[in-house]
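As a basis for the values below, the full set of heavy atoms in this structure was taken, side chains included, without hydrogen atoms, waters or symmetry mates.
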Amino acid sequence: MAQTEKKGGLLRKSSASKKPLKEKVVLMYDEIFTTEDPSKCNPRFWEELFLMKVNLEYLEGKLEALDGEELMKIKDNINCLFQHCIQALGEEHPIRVVNALQTLCALIRGVHQKNKSTSGFDIINMLVGFDKAELCMKNLMESLDSLLCAEGSESLKSLCLKLLLCLVTILSSPLSRREHGYDAVVLLALLVNYRKYESVNPYIVKLSIVDDEATLNGMGLVIAQALSEYNRQYKDKEEEHQSGFFSALTNMVGSMFIADADEKISVQTNEAILLALYEAVHLNRNFITVLAQSHPEMGLMTTPTSPIPMTPVTPLGTTPPSSDVISSAELPLDADVQTSNLLITFLKYSSIVMQDTKDEHRLHSGKLCLIILTCIAEDQYANAFLHDDNMNFRVNLHRMPMRHRKKAADKNLPCRPLVCAVLDLMVEFIVTHMMKEFPMDLYIRCIQIVHKLLCYQKKCRVRLHYTWRELWSALINLLKFLMSNETVLLAKHNIFTLALMVVNLFNMFITYGDTFLPTPSSYDELYYEIIRMHQSFDNLYSMVLRLSTNAGQWKEPASKVTHALVNIRAIINHFNPKIESYAAVNHISQLSEDQVLEVVRSNYDTLTLKLQDGLDQYERYSEQHKEAAFFKELVRSISINVRKNLAFNTLSQELLLKEFSTIS
């Protein structure tokens with residue numbers, strides 16, 4: 001008997017004398033790709049179709065062969081196929097379910113591929129039709145949810161996830177992105193975290209290799225809109241709070257209640273969208289370019305002509321922002337500032353959520369913000385645009401109200417490279433979180449980010465014009481806090497790890513500062529600050545020396561700090577006698593800063609410092625080994641709230657539709 005071969009949807013016998021025969025499923029596909037209803041002649045057409053083994057290659061090939069106009073002619077049949085696929089997902093017969101899933105994958109991929117051309121049709125309309133889109137997508141999601149949650153075939157679940165991955169490609173379509181982008185981004189973030197530590201996750205691989213510019217930019221815009229909406233809501237509440245009765249009361253009785261008042265300014269954080277940003281930054285090098293992609297300030301964009309009902313805000317920010325978010329987002333700082341980017345929006349968001357870390361959700365958000373900044377600080381390309389002198393922005397970070405400082409006027413903000421805003425954010429965190437419930441983990445991440453930025457500046461000899469004194473002052477105050485709260489903090493934390501990191505930041509400036517500080521006078525000012533605050537360094541040395549000479553649990557970590565202080569102590573011991581001598585000779589009781597700097601400049605030549613190795617080296621961020629527990633808990637929390645929110649949204653929309661149906 002002649003052997004049968006299968007190729008391109010044809011059944012070909014080995015004998016060349018016979019005409020090739022098409023598979024039955026291919027013949028049925030051909031009927032769908034006509035303008036006639038395929039079930040007119042065969043009422044059981046759709047029932048039979050899903051019993052046939054899917055020919056993905058042929059189906060996608062047929063879609064690819066048609067231009068946009070030809071595809072529109074068979075739109076009704078495509079809609080019908082899509083709807084019958086969804087119906088088949090509810091069947092008990094697993095073969096029909098598998099074939100329906102594979103057909104949906106082919107349809108979505110094929111139609112999406114056509115939309116990359118200039119044909120101009122909308123994907124959603126082409127697949128399901130605008131009039132039935134909401135109901136069809138609701139049914140599809142419910143079916144997929146049932147299949148994923150049920151006890152059953154792992155292969156079937158894998159196929160469901162592959163279909164969902166096909167669906168999130170809508171991010172590259174402007175209209176689809178506006179309508180479904182938020183849900184797609186949150187879905188993608190959750191899919192990437194699906195059993196990511198237990199097995200090979202195809203979504204991690206897929207997200208890491210995406211290089212389609214439209215898709216990446218679409219994802220960036222969705223994230224930017226969600227974060228901007230949060231920033232806007234916070235700003236509105238802040239202004240409302242300041243203009244209310246409490247503001248007047250505060251003016252009468254003083255500023256003692258400022259901290260308590262601002263604790264009440266609370267907008268629910270959005271860990272879901274933040275997780276999506278993290279995964280994109282962490283996994284995809286191409287996404288780094290999206291962070292710096294300039295676009296008009298979102299408050300300047302045109303308002304959509306048709307109003308769209310707002311969905312209510314729910315815990316964890318799992319509700320998508322309204323579709324008109326772009327029109328109501330942050331206003332430009334002044335008339336001259338017309339552009340922004342995702343990184344600026346993210347930095348503003350971070351400056352809000354990192355103010356108050358007492359709340360668990362804000363603590364998680366703050367930690368995730370610092371992890372994202374860690375990934376950015378390690379990336380060579382990200383550092384290139386962070387430090388680019390030709391990319392200057394005014395970044396209005398939110399600052400925690402404190403009695404001893406006035407609120408900076410927005411209009412006085414200088415235009416600077418974006419790395420200055422990152423450093424400002426780190427300095428702000430350092431000075432505002434020295435409290436009894438000390439967030440040690442966040443402080444360590446904060447110092448690591450500063451260190452990684454300095455490593456880049458040293459490596460590439462970037463001379464950044466920044467107010468370094470603010471950083472030095474913040475670091476010294478942090479050391480003072482650790483010393484004054486030694487007993488309380490040591491009961492919970494190894495404070496010497498943090499102290500060592502801070503001391504080594506100073507060592508970085510001392511050893512390599514001449515290669516990256518903006519001017520020679522900046523280097524002189526570094527020495528001035530060390531000498532001016534010598535008592536703090538002397539006290540630190542006394543503390544670590546005491547603990548390193550005792551046979552206790554802190555002996556080794558304290559010893560490391562002792563050794564790290566060698567150059568700082570050398571500077572203090574070298575210059576202090578010379579400053580005292582200068583004062584005595586010139587009969588001056590208290591020297592001015594300029595006079596101290598004169599002594600410093602005159603005595604560099606006789607100063608001897610030790611070369612310390614490894615100051616410009618760091619351990620790169622690794623999620624799996626150190627952060628797995630954090631992300632498992634975070635994803636669990638996000639999943640619970642997304643699930644709650646989905647049910648609430650469905651109820652709200654049904655009520656609205658019922659209400660609209662009664663309007664004459």
Side-chain angles (χ1 to χ4, degrees), residues 399 402-409 412-414 416 420 423-424 426-428 430-432 434 450 454 457-458 462-484 499 502-543 564-610:
R399 305 178 82 208
M402 299 179 75
R403 297 187 193 95
H404 63 274
R405 69 178 183 186
K406 294 181 179 179
K407 185 177 180 180
N412 295 330
L413 292 169
R416 302 175 298 171
C420 295
L423 290 168
D424 284 349
M426 298 301 99
V427 170
E428 176 67 11
I430 291 170
V431 300
T432 56
M434 299 179 208
V450 175
L454 291 181
Q457 292 168 22
K458 179 257 178 184
V462 177
R463 296 190 180 276
L464 182 69
H465 288 270
Y466 181 71
T467 50
W468 291 110
R469 271 191 170 183
E470 290 186 7
L471 173 63
W472 299 331
S473 174
L475 293 173
I476 292 170
N477 285 331
L478 175 56
L479 290 176
K480 289 166 68 176
F481 175 81
L482 294 178
M483 288 183 286
S484 61
V502 172
V503 169
N504 278 337
L505 277 188
F506 279 102
N507 286 331
M508 186 86 175
F509 281 105
I510 293 166
T511 308
Y512 301 115
D514 60 329
T515 67
F516 63 82
L517 286 171
T519 61
S521 62
S522 300
Y523 195 73
D524 301 337
E525 289 168 2
L526 167 67
Y527 277 64
Y528 173 79
E529 285 299 312
I530 292 172
I531 295 163
R532 185 175 73 86
M533 300 301 294
H534 71 88
Q535 193 61 56
S536 297
F537 291 108
D538 291 342
N539 293 343
L540 176 63
Y541 182 74
S542 298
M543 183 184 83
L565 283 165
V566 61
N567 281 342
I568 293 175
R569 286 179 50 75
I571 290 169
I572 293 169
N573 294 334
H574 176 74
F575 286 106
N576 266 355
K578 291 178 169 49
I579 290 168
E580 292 169 4
S581 174
Y582 180 93
V585 169
N586 292 280
H587 307 289
I588 304 171
S589 59
Q590 190 169 354
L591 271 62
S592 67
E593 180 177 335
D594 288 340
Q595 290 169 329
V596 173
L597 287 171
E598 183 184 335
V599 175
V600 169
R601 293 187 188 104
S602 304
N603 290 279
Y604 274 132
D605 293 346
T606 52
L607 173 66
T608 303
L609 297 175
K610 289 187 176 180

Original post:
Which distance, rounded to the nearest 0.5 Å, do you find between the CZ of Arg569 and the CD1 of Ile571?
Top reply: 12.0 Å
**OP:** Kindly say whether Asn603 contributes a backbone atom to a donor-acceptor pair with the side chain of His574 at under 3.5 angstrom?
**Re:** yes
Original post:
How many angstroms lie between atom CG of Asn567 and atom CG of Leu609, to the nearest 0.5 angstrom?
Top reply: 4.5 Å
Subject >> Nearest heavy atoms of Thr608 and Ala570, plus distance in Å >> reply: O-CB, 4.0 Å
Original post:
Is there side-chain contact between Ile510 and Ile530, with at least one heavy-atom pair below 4.5 Å?
Top reply: yes
Original post:
Step by step, would you call Tyr527 with Tyr604 a ring-ring contact (aromatic ring centres under 6.0 Å, His included)?
Top reply: CA-CA 10 Å; Tyr527 277 64; Tyr604 274 132; 5.2 Å; yes
**OP:** List the steps and the verdict of side-chain contact (heavy atoms from CB on, under 4.5 Å) for Met434 and Lys480.
**Re:** CA-CA 10 Å; Met434 299 179 208; Lys480 289 166 68 176; over 6 Å; no
Original post:
For Pro577, does its backbone N or O pair with a side-chain atom of Ser581 as donor and acceptor, under 3.5 Å?
Top reply: no
Original post:
Heavy atoms, side chains only, cut-off 4.5 Å: are Leu565 and Tyr541 in contact?
Top reply: yes
Subject >> Distance (rounded to the nearest 0.5 Å) between Leu464 CG and Trp468 CH2 >> reply: 5.5 Å
Subject >> Asp424 and Arg399, any side-chain heavy atoms less than 4.5 Å apart >> reply: no
Original post:
What do you reckon, are the aromatic ring centroids of Phe506 and Phe537 less than 6.0 Å apart?
Top reply: yes
Original post:
How many angstroms lie between atom NZ of Lys458 and atom CG of Asp514, to the nearest 0.5 angstrom?
Top reply: 10.5 Å
Original post:
Do you see a donor-acceptor pair shorter than 3.5 Å between the side chains of Tyr512 and Asn507?
Top reply: no
**OP:** Run the numbers on Val462 and Phe516 for side-chain contact (heavy atoms from CB on, under 4.5 Å), then give the verdict.
**Re:** CA-CA 5 Å; Val462 177; Phe516 63 82; 5.8 Å; no
**OP:** Locate the shortest heavy-atom distance separating Leu591 from Ala583; write the atom from each residue and the value.
**Re:** CD1-CB, 3.2 Å
Original post:
Can you find a heavy atom in the side chain of Ile568 that is under 4.5 Å from one in the side chain of Leu540?
Top reply: no
Subject >> Spatial distance of atom OH (Tyr466) from atom OG (Ser522) [nearest 0.5 Å] >> reply: 13.0 Å
**OP:** Look up atom OG1 in Thr606 and atom CZ in Phe575, then write down how far apart they are to the nearest 0.5 Å.
**Re:** 7.0 Å
Subject >> Least distance between heavy atoms, Val566 atom then Lys610 atom >> reply: CG2-CD, 4.0 Å
Original post:
Closest approach of Ser536 and Met483, non-hydrogen atoms and distance?
Top reply: O-CE, 3.3 Å
Donor-acceptor list for residues 470-478 side chains, cut-off 3.5 Å, not counting sequence neighbours:
from, atom 1, to, atom 2, distance (Å)
Asn477, ND2, Ser473, O, 3.3

Original post:
Just by modelled atom types, is the Phe481 backbone N or O under 3.5 Å from a matching donor or acceptor in the Ser484 side chain?
Top reply: yes
Original post:
Quick one: salt bridge (charged side-chain N to carboxylate O under 4.0 Å, His left out) pairs with a partner in residues 570-593, sequence neighbours left out?
Top reply: Arg469-Glu593
Original post:
Are the side chains of Leu597 and Arg601 in touch, meaning some heavy atoms are under 4.5 Å apart?
Top reply: yes
